[in-house]
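Okay, structure first, notes after.
A note on names: the letters A, B, ... follow the listed sequences, proteins ahead of strands, and every chain is numbered from 1.
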Amino acid sequence: MRFGAILLAVSVAFAGGTVRLLNVSYDPTRELYQNINAAFAKQWKAKTGADVVINQSHGGSGSQARAVIDGLQADVVTLALSYDIDAIAEKTGLLPKNWQSRLPDNSAPYTSTIVFLVRKGNPKRIRDWNDLVRPGISVITPNPKTSGGARWNYLAAWGYALRQNNNDQNKAKDFVGRVYKNVPVLDSGARGATTTFVQRGIGDVLLAWENEAYLALNELGKDKVEIVTPSVSILAEPPVAVVDKTAARHGTAAVAKAYVDFLYSPEGQEIEARSYYRPRSKEVAAKYDKQFPHLTLFTVDEVFGGWQDAQKTHFAEGGTFDKIYQPGR
Amino acid sequence: MSQGKLWMGFAVIMGISMSAARAQTADQQSADQKIQQLEQKVDALDQQIKIDERKKELEAEDAASKAQNAATATADTSGFTIKSNDGNFLLKIGADLQVDNRAFLGQGAGAGTDGILLRRVRPTISGTVYKYVDYFFRPDFGQGTTIIYDAYIELKYFSKAKVRVGKFKPPVGLERLQSDDDTSFVERGLPTLLVPSRDIGYQISGDLLPNQLNYAVGVFNGVPDNGLSDAAVSGHRDYDARLFLTPFNGTSVKALSGLGFGSGVDGGGVDGEPLPSYKTFGQTTFFTFASGVTEAGHRTRLTPQGYYYAGPFGILSEYTLTEEGLKKGLVQRDVAYRAWQVAVSCILTGEKKSFLSPTPKKSFDPLHGGWGAVELAARTGEFSAEHGVFNYGFASTLTSPRTAREWVGGVNWFLNRLVRVSLDYGLTNFGGGAAASLGGNRAPERALIGRFQINFI
């Protein structure tokens with residue numbers, strides 16, 4: 001790998017050009033990858049002498065996957081959920097179907113979870129998922145049909161309800177239906193939902209990626225909003241992958257592989273932790289232990305049998321979400 | 001006043017005061033509750049207004065997104081087009097309609113019939129799917145027949161190796177590859193008689209050097225000269241190739257930037273294919289083979305070709321040699337036909353001449369000073385069949401001339417990019433083709449052809 005990278009860098013140096021990568025990612029990772037890209041480019045330059053420029057593309061995870069399927073020339077994809085990369089692999093063959101087994105930790109170098117962002121002082125006393133179904137509570141979450149983050153929100157609520165009701169699927173369905181009854185407006189993506197809650201001042205609680213909640217907290221100040229960590233939530237594992245055939249065609253396979261490997265490196269893990277993503281590295285996780293509240297986390301595999309089953313049951317056309325969603329008010 | 005009465009009076013006053021204070025507190029609480037309720041209502045209304053505004057905002061974003069992704073329909077000089085926003089999907093509807101008025105001057109034996117006819121009636125559907133795949137479909141309903149002229153799919157993922165399959169012009173003749181709305185004459189010259197018109201097969205083509213070196217190679221069913229059959233007659237295949245250079249295109253040598261030259265070649269086995277007949281400029285048949293003659297053995301075509309364009313002037317020249325095996329009874333021989341032409345043209349209204357038809361500087365609009373573009377053109381050329389064709393009885397000199405020499409002059413008036421009016425006069429002299437009692441030579445053909453044409457694809 002190192003030899004390949006050096007070989008590439010030498011050839012690029014002789015060609016007098018700059019290697020360009022396109023990282024197609026999802027909504028809330030803009031800040032994370034700005035920092036990652038700068039650090040990786042610096043490291044790559046030091047290691048190989050070659051310049052690398054990483055372009056970013058962001059949007060709803062499902063929409064981004066669709067764009068790649070339709071021809072967006074991604075060298076690397078870093079999406080919200082594995083189902084979206086599975087779709088790229090299945091529909092285009094640009095990367096193998098076993099892509100997720102090629103990198104450690106199911107190709108998810110960092111994790112996150114779903115937390116609540118509430119108004120300062122938590123005037124509606126929202127402490128856990130069951131508070132979201134109280135009459136008069138206004139919940140902000142994006143549309144699971146278009147947003148990867150929204151699907152994590154939905155499944156987190158469903159998983160909580162199963163735990164509270166001895167795995168009774170009907171009661172879980174009823175619970176999640178009541179949550180969405182309190183959703184007045186559905187944005188298409190996580191960043192849009194944050195805008196609705198933070199900038200437009202709508203709603204009592206925003207269901208948010210943990211990192212997105214911290215970003216909002218830092219941006220608005222602790223005198224405006226608070227983060228509430230529920231008793232239980234879902235372990236979100238946003239995966240990354242090299243789009244092999246596209247990268248090969250661009251001549252960027254080596255640098256793309258180095259880029260995703262960098263996400264697992266101590267430096268990459270540090271940047272992820274600083275960006276409020278939970279690092280996989282035990283050393284870095286220990287260092288940032290106080291930053292991340294402890295809560296019970298369950299995985300999609302444990303509760304829903306994997307993303308393929310979850311997608312088919314809940315989010316496909318005519319799935320459970322279509323049956324339970326009724327616009328509030 | 002006794003002390004007892006005094007205390008009683010104090011108690012009464014205190015009672016009244018306390019009662020009043022209690023009543024005041026209750027009023028205050030009631031007022032606070034009302035204020036609180038009002039505040040809640042205001043908050044709720046404020047939320048509702050914000051929600052409504054946000055919904056409108058999202059609807060506007062959604063509409064903008066849909067508009068951004070929506071297909072666009074356009075109508076312009078390229079025809080009528082429906083195109084997806086990303087350009088990956090395209091549907092074009094076009095048409096090629098030509099109305100001719102043919103008049104034959106003099107009383108030559110082979111003179112055609114005067115009349116007005118629909119020379120070409122060709123609706124066209126073409127476009128792109130998934131960015132890299134083009135399609136093209138063009139039937140012809142002209143002259144009372146229905147023929148599929150072009151029907152092909154082209155994968156253009158690699159610009160240096162575009163893959164085309166279907167029915168289309170094989171890469172052989174220069175003038176044949178020129179679209180009929182780009183030729184300077186209403187009918188093509190004699191060399192084009194000896195190359196295939198359309199054939200079914202596969203082709204790979206592309207620019208080895210962008211805009212300077214173009215190649216095409218293909219495998220086809222094989223058709224007779226000027227043929228466009230839809231079916232393979234024998235199991236043989238034709239193998240075609242063409243290389244064309246425009247070496248100074250895009251360079252600093254401006255004087256030679258319009259120079260292009262190359263050659264097409266075509267070869268393959270033949271066995272029982274029908275034989276062609278050859279037509280004059282006036283579209284009358286001047287050469288036919290004797291009955292019982294079939295193709296047998298091998299057929300080869302070679303077409304060196306070139307053009308040069310400079311400012312309003314243009315010259316195009318082409319030579320075609322066809323060698324093929326013919327069989328009649330027990331006699332089988334290889335014979336050859338040759339044809340050449342030189343065509344010159346000049347645009348009088350200042351537009352640049354090129355391989356494509358000119359776009360008038362000012363479209364026809366006389367009230368506003370627009371008259372379109374006018375081109376004068378002339379060409380000469382000759383067809384000849386070798387003596388063996390007649391010596392072995394494959395054709396008769398009594399009916400088929402050994403040579404045909406044509407002179408054509410014409411004027412083209414381009415009203416705009418799509419509409420053109422042409423008037424051409426063609427004289428064809430023959431060597432042979434008539435009985436000795438009639439002088440031995442087929443009578444010259446003098447044809448005057450006028451055309452109204454609209455063409456957009």
Side-chain angles (χ1 to χ4, degrees), chain A residues 27 57 59-60 62-64 66-73 91-94 118-119 121 123-124 135-143 145-147 150 181-206 245-246 249-250 327-329, chain B residues 32-33 35-72 82-91 127-135 154-163 206:
Chain A
D27 243 350
S57 170
S63 304
Q64 293 291 81
R66 170 51 57 189
V68 174
I69 290 167
D70 287 344
L72 183 60
Q73 299 285 300
K91 291 181 179 170
T92 67
L94 292 173
V118 298
R119 308 284 173 202
K124 296 291 177 78
I137 297 294
S138 179
V139 181
I140 302 302
T141 180
N143 188 343
K145 292 281 194 178
T146 53
S147 162
K181 200 173 178 182
N182 283 347
V183 176
V185 56
L186 278 181
D187 283 273
S188 60
R191 192 51 63 91
T194 304
T195 299
T196 296
F197 182 77
V198 172
Q199 294 180 9
R200 303 294 181 269
I202 297 171
D204 303 310
V205 55
L206 170 71
K245 290 186 179 175
T246 305
R249 197 166 59 246
H250 293 168
R329 299 194 221 189
Chain B
D32 288 345
Q33 277 179 351
I35 288 169
Q36 199 175 4
Q37 286 170 353
L38 281 172
E39 282 177 348
Q40 285 173 351
K41 282 184 180 177
V42 169
D43 286 345
L45 283 171
D46 179 57
Q47 280 288 299
Q48 193 55 52
I49 289 167
K50 285 175 177 171
I51 288 166
D52 290 344
E53 286 175 348
R54 181 61 174 158
K55 280 182 176 174
K56 282 179 187 170
E57 198 177 3
L58 292 175
E59 283 171 7
E61 284 175 9
D62 190 43
S65 173
K66 282 179 180 168
Q68 199 176 22
N69 296 324
T72 54
I82 300 171
K83 187 178 181 182
S84 64
N85 184 264
D86 59 8
N88 290 346
F89 294 85
L90 178 70
L91 169 66
T128 304
V129 293
Y130 285 102
K131 189 178 181 178
Y132 299 114
V133 182
D134 285 352
Y135 59 90
E154 184 166 78
L155 178 63
K156 56 178 183 180
Y157 193 83
F158 299 107
S159 63
K160 287 189 166 80
K162 293 183 281 189
V163 180

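Ranked by heavy-atom pairs under 4.5 Å with chain B, the first of A:V185, A:T196, A:L186 is A:T196.
Of all the heavy atoms in A:D70 and B:N88, the pair that sits closest is O-ND2, 4.1 Å. The two residues B:Q47 and A:G203 have their closest heavy-atom pair at OE1-N, 2.9 Å. Taking each heavy atom of B:K50 and A:I202 in turn, the nearest pair found is O-CD1, 3.2 Å.
The number of heavy-atom neighbours closer than 6.0 Å to OH of B:Y157, taken from other residues, nucleotides and ligands shown, is above 12. The local environment of NZ in B:K83 is sparse, with at most 12 non-hydrogen atoms from other residues, nucleotides or ligands closer than 6.0 Å.
If you take CD1 on B:I51 and OG on A:S138, they are separated by 5.0 Å, rounding to the nearest 0.5 Å.
Contacts between A:D187 and chain B at a heavy-atom distance below 4.5 Å involve backbone atoms as well as side-chain atoms. With a threshold of 4.5 angstrom between heavy atoms, B:E53 does not approach chain A through any atom at all.
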